[in-house]
Amino acid sequence: MSIRIFKMDDMEWWAGESLEVCIAEGRRQCGADCCPDNPNEQRELSDEEMRRLTFIDEDDSRRTFAEELARRIEAGETFPQPFAAEDW
């Protein structure tokens, strides 16, 4: 199983095997209006983005998206799942 990170919109990222399974799970969790199809925004993150983007958890620990994904896979978490969201 190859888990990747997908940008869903300007504020949310999901982890899963494909964009399609992430969208389907998002809609299952919060309704048909969630994760509207938008090919201009929804896409897989590049390796460079995975190394550049920063994940900050509840205790202000910081990791790259790549490090956080590796941590979740190692912990045996189930995918697809919400990965990160930006608070404004």
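If you're wondering where the values come from, they're calculated on a predicted model, not measured in any experiment. The figures here come from the full heavy-atom set of this structure, side chains too, leaving out hydrogens, waters and symmetry mates. In this chain, residues are counted from 1 in sequence order.
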### Query
Just by distance, do the side chain of R62 and the backbone of F55 share a donor-acceptor pair under 3.5 Å?
no
### Message
Regarding R43 and E49, does a basic nitrogen lie under 4.0 Å from an acidic carboxylate oxygen?
### Response
yes
### Task
Indicate yes or no: at least one non-hydrogen side-chain atom of T64 is less than 4.5 angstrom from one of T54.
no
### Task
Evaluate side chain to side chain contact (heavy atoms under 4.5 Å, CB included) for L69 paired with R4, printing each intermediate quantity in order.
CA-CA 8 Å; L69 179 59; R4 297 174 304 271; 5.9 Å; no
#### Entry: For E41, side-chain hydrogen bond (donor to acceptor under 3.5 Å, both in side chains) partners two or more places apart
none
#### Entry: Cluster companions of F6 among Ile, Leu, Val, Met, Phe, Trp, Tyr (side-chain spacing under 4.5 Å)
M8, W14, L19, I23
#### Entry: Single-linkage hydrophobic cluster, 4.5 Å side-chain cutoff, I5 and I73 together
yes
#### Entry: Flag side-chain contact, heavy atom, 4.5 Å: Q81 against C22
no
### Task
Run the numbers on R51 and E48 for salt bridge (Lys or Arg N to Asp or Glu O under 4.0 Å), then give the verdict.
CA-CA 5 Å; R51 291 186 301 270; E48 187 276 326; over 6 Å; no
#### Entry: side chain to side chain contact (heavy atoms under 4.5 Å, CB included) evaluation trace for K7 with E44
CA-CA 6 Å; K7 179 181 179 182; E44 181 178 350; over 6 Å; no
### Query
Would you call W13 and E86 a side-chain contact if the rule is heavy atoms closer than 4.5 Å?
yes
### Task
Grab the two heavy atoms, one from A15 and one from I3, that are nearest each other, plus how far apart they are.
CB-CG2, 4.1 Å
### Message
Can a donor-acceptor pair be found, under 3.5 Å and without considering hydrogens, that links the side chain of R72 to the backbone of E67?
### Response
no
## Note on the structure
Output for pair (F79 CZ, S18 OG), nearest 0.5 Å, gives 13.5 Å
### Task
With the side chain counted from C-beta on, respond yes when F83 and E68 share a heavy-atom pair under 4.5 Å apart, and no when they do not.
yes
